[in-house]
Amino acid sequence: MTDLTPREIVSELDRFIIGQKDAKRAVAVALRNRWRRKQLGDDLRDEVYPKNILMIGPTGVGKTEISRRLAKLARAPFIKVEATKFTEVGYVGRDVEQIIRDLVDTAIMQTREFMREDVKAKAHKAAEERVITAIAGTEARDSTREVFRKKLKSGELDDTVIELEVTDTSNPMGGMFDIPGQPGGAMGGMMNLGDLFGKAMGGRTVKKRLTVAESYDVLIGEEADKLLDDETVTRVALESVEQNGIVFLDEIDKVCARSDARGGDVSREGVQRDLLPLIEGTTVSTKHGPVKTDHILFIASGAFHIAKPSDLLPELQGRLPIRVNLRALSEQDFIRILTETDNALTRQYTALMGTEEVEVTFTEEGIAALAKIAAEVNQSVENIGARRLYTVMERVFEELSFTAPDRGGEAVVVDAKFVSKNLGELGGSNDLSRYVL
Ligand SMILES: Nc1ncnc2c1ncn2[C@@H]1O[C@H](COP(=O)(O)OP(=O)(O)OP(=O)(O)O)[C@@H](O)[C@H]1O
């Protein structure tokens with residue numbers, strides 16, 4: 001939960017997303033409404049339901065990004081699901097309630113991570129004691145331990161190799177915990193699942209030889225886990241899902257009955273019917289306990305090129321009262337996306353090449369050329385929005401990325417010439433189509 005005002009939320013989102021003001025305002029209000037609801041008395045609080053949002057706009061213009069950033073800002077459990085997944089062969093009849101169960105799993109990981117941070121100071125101390133014992137031995141007197149403690153703090157012992165008994169973090173369950181539709185897990189690989197489940201798997205231990213410096217992170221993680229009990233983590237996570245959870249339902253336009261003339265209408269409308277109770281508020285049973293979905297925020301999204309929002313089931317339309325349009329991105333937007341955001345690609349490439357001691361700078365003309373080519377390919381091949389910038393940048397940097405380790409000390413200026421040299425001459429859409437890859 002955050003107490004940021006809508007204006008503050010928008011300005012946080014502005015750090016990562018260019019334009020799309022209406023969508024930013026809508027999600028900012030939705031988040032603020034949660035805070036407002038929290039301030040109400042018990043009786044009224046339960047009556048106030050979230051105003052869910054329908055985002056309308058082409059692919060790659062920031063719909064997911066805005067929602068994901070919002071969730072991050074609010075420390076809210078977040079899950080993205082494609083509505084069409086429930087119409088696929090093999091998925092027919094697939095339980096849409098699984099969305100909530102997956103959200104709970106995400107929330108548990110996230111809660112554990114947050115709580116781990118909170119207990120880190122304590123865990124740090126405990127880890128220090130274990131390292132000292134490993135170096136000085138179990139019999140060491142206090143004075144000896146103090147000597148080692150000083151050395152440890154000064155970093156003098158960082159390279160010393162010690163043997164430690166640590167939790168076995170290899171994950172015998174393989175990818176069992178992968179969250180469908182979320183490559184790399186919903187947390188973007190933030191956590192090591194083996195790590196998370198290590199304890200649940202009966203705390204098997206292995207002896208490991210590590211340097212003191214390496215052992216610290218491992219031990220802090222372990223000590224932090226000891227301070228967290230699973231019951232508390234689960235309770236906090238369930239509460240967080242019910243009160244703060246955000247479900248992003250992509251491709252909602254593709255489950256409209258009238259989206260095209262080919263069959264499958266029934267199953268598509270069926271998906272909408274299945275989704276309805278979740279959005280209206282129901283109780284989903286999960287292996288961690290029941291979860292009420294009444295106050296979960298749903299953000300549905302789609303391009304609506306063929307179907308219209310009015311083709312959605314009327315009940316569903318009623319549950320998505322806030323409509324926002326996101327516009328296609330222009331060449332000018334691409335220039336801003338390349339340079340202005342905190343995570344701008346130009347910054348990323350400069351930093352990455354910096355690790356090889358290659359100093360990369362971009363000229364204005366270079367950036368304009370990158371934006372231009374991205375816009376052209378989008379226009380003539382397929383419009384995939386800002387995602388095009390990734391494919392163009394990767395192509396332009398292909399040669400440098402490969403040879404950078406041999407080029408330490410060099411300064412590389414990415415100007416218009418560099419861009420065209422690395423892209424080769426572009427004759428027509430045939431050439432352009434190479435960047436679809
Ligand atoms: N307006 C924008 N400003 C900055 N970056 C953007 C913007 N729009 C898209 N991007 C970048 O492009 C990528 C794709 O955007 P995003 O995932 O939000 O697409 P989307 O609109 O949700 O499309 P889809 O419905 O196909 O998933 C992201 O990495 C995002 O950072």
Side-chain angles (χ1 to χ4, degrees), residues 9-28 52-73 78-86 99 179-184 186-189 246-256 259 297-307 309 312 320 323-349 352 367 370-371 373-375 377-378 381-394 435-436:
I9 296 166
V10 169
S11 90
E12 278 299 310
L13 295 174
D14 282 343
R15 289 172 47 204
F16 300 98
I17 300 126
I18 299 298
Q20 315 301 17
K21 190 164 144 238
D22 294 348
K24 287 176 185 163
R25 283 175 73 103
V27 298
N52 297 310
I53 300 169
L54 182 61
M55 288 190 179
I56 303 163
T59 189
V61 298
K63 299 185 294 296
T64 311
E65 193 68 17
I66 289 174
S67 311
R68 209 186 278 282
R69 292 281 171 194
L70 180 83
K72 200 163 176 198
L73 203 59
F78 176 85
I79 192 159
K80 175 181 179 177
V81 210
E82 323 238 299
T84 43
K85 177 162 118 177
F86 302 102
I99 298 172
I179 293 162
Q182 294 284 309
M187 302 296 292
I246 300 178
V247 173
F248 185 84
L249 271 175
D250 207 1
E251 301 198 330
I252 196 82
D253 54 333
K254 307 267 173 57
V255 295
C256 283
S259 63
L297 177 68
F298 286 84
I299 303 177
S301 118
F304 289 96
H305 287 316
I306 302 164
L312 289 167
L320 299 166
R323 305 271 165 91
V324 282
N325 288 297
L326 288 92
R327 49 183 191 81
L329 299 168
S330 66
E331 198 175 314
Q332 201 52 40
D333 292 325
F334 284 169
I335 293 181
R336 297 186 57 202
I337 292 172
L338 281 173
T339 53
E340 289 180 20
T341 57
D342 279 16
N343 59 344
L345 284 177
T346 51
R347 273 182 238 269
Q348 292 185 24
Y349 277 86
L352 286 172
I367 288 164
L370 290 164
I373 186 80
V377 185
N378 269 352
V381 184
E382 189 198 356
N383 195 343
I384 57 168
R387 290 199 180 95
R388 184 66 66 196
L389 293 171
Y390 293 88
T391 67
V392 169
M393 283 293 261
E394 211 30 52
Y435 305 102
V436 178

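Owing to the predicted nature of the structure, the values given are computational and were not obtained by experimental measurement. Order of listing sets the numbers, starting from 1, for every ligand and every atom in it.
Looking at every heavy atom in both residues, Lys63 comes nearest to Gly60 through NZ-N, 4.5 Å. The heavy-atom pair separating Pro309 from Arg323 by the smallest distance is CB-NH1, 3.7 Å. The nearest pair of heavy atoms linking Ala386 to Ile337 is CB-CD1, 4.1 Å. Listed here is the closest heavy atom pair of Phe334 and Gly385: CZ-O, 3.6 Å. Closest heavy-atom contact between Phe248 and Thr64: CE2-OG1, 3.5 Å. The nearest pair of heavy atoms linking Ile53 to Leu320 is O-CD2, 3.8 Å.
If you check which protein heavy atom lies closest to atom 1 (N) of ligand 1, you get Ile18 O, 2.8 Å. At the shortest separation from atom 5 (N) of ligand 1 among protein heavy atoms lies Ile337 CG2, 3.9 Å. In terms of protein heavy-atom proximity, atom 8 (N) of ligand 1 is nearest to Val61 C, 2.9 Å. Regarding atom 13 (C) of ligand 1, its nearest protein heavy-atom neighbour is Arg387 CG, 4.0 Å. Given atom 11 (C) of ligand 1, the protein heavy atom at minimum distance is Ala386 CB, 3.7 Å. The nearest heavy-atom contact from the protein to atom 30 (C) of ligand 1 is Glu65 OE1, 3.7 Å. Of all protein heavy atoms, the one lying nearest to atom 29 (O) of ligand 1 is Tyr390 OH, 2.8 Å. Protein heavy atom in closest approach to atom 22 (O) of ligand 1: Thr64 OG1, 2.4 Å.
Near Lys80, the atoms of ligand 1 lying under 4.0 angstrom from a non-hydrogen atom of the residue are 27 (O). Against a heavy-atom cut-off of under 4.0 Å, Ile17 is close to the following atoms of ligand 1: 1 (N), 2 (C), 3 (N), 4 (C). Interface atoms of ligand 1 facing Thr59, defined by a heavy-atom separation under 4.0 Å, are 23 (O), 24 (P), 26 (O).
When heavy-atom distances to ligand 1 are checked against a 4.0 Å cut-off, Asp250 comes that close only through its side chain, counted from C-beta outward. Proximity of Phe16 to ligand 1, defined as any heavy-atom pair under 4.0 Å, is confined to the backbone N, CA, C and O atoms. Contact annotation for Glu340 and ligand 1: no heavy atom of the residue comes within less than 4.0 Å of the ligand.
Ligand 1 has no atom lying under 4.0 Å from any heavy atom of Arg68. Between Gly60 and ligand 1 there is a heavy-atom distance shorter than 4.0 Å.
For ligand 1, the polar-atom distance check finds no N/O of Ser301 at less than 3.5 Å from any of the ligand's N/O atoms. By the 3.5 Å distance cut-off applied to N or O atoms, Leu329 is not counted among the residues near ligand 1. No N or O atom of Gln20 sits closer than 3.5 Å to an N or O atom of ligand 1.
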Step by step, would you call Phe304 with Leu312 a side chain to side chain contact (heavy atoms under 4.5 Å, CB included)? CA-CA 11 Å; Phe304 289 96; Leu312 289 167; 4.3 Å; yes
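Side-chain contact between Leu13 and Gln20 is absent, with no heavy-atom pair separated by less than 4.5 Å.
Between the side chain of Asn378 and the main chain of Ile384, a donor-acceptor pair closer than 3.5 Å is present. With hydrogens and angles disregarded, a donor-acceptor distance shorter than 3.5 Å links the side chain of Arg347 to the backbone of Thr339.
Surrounding CD of Gln348 are more than 12 heavy atoms belonging to other residues, nucleotides or ligands, all under 6.0 Å away.
Side-chain contact of Ser11 with Asp14: a donor-acceptor pair under 3.5 Å is absent, judged by distance alone.
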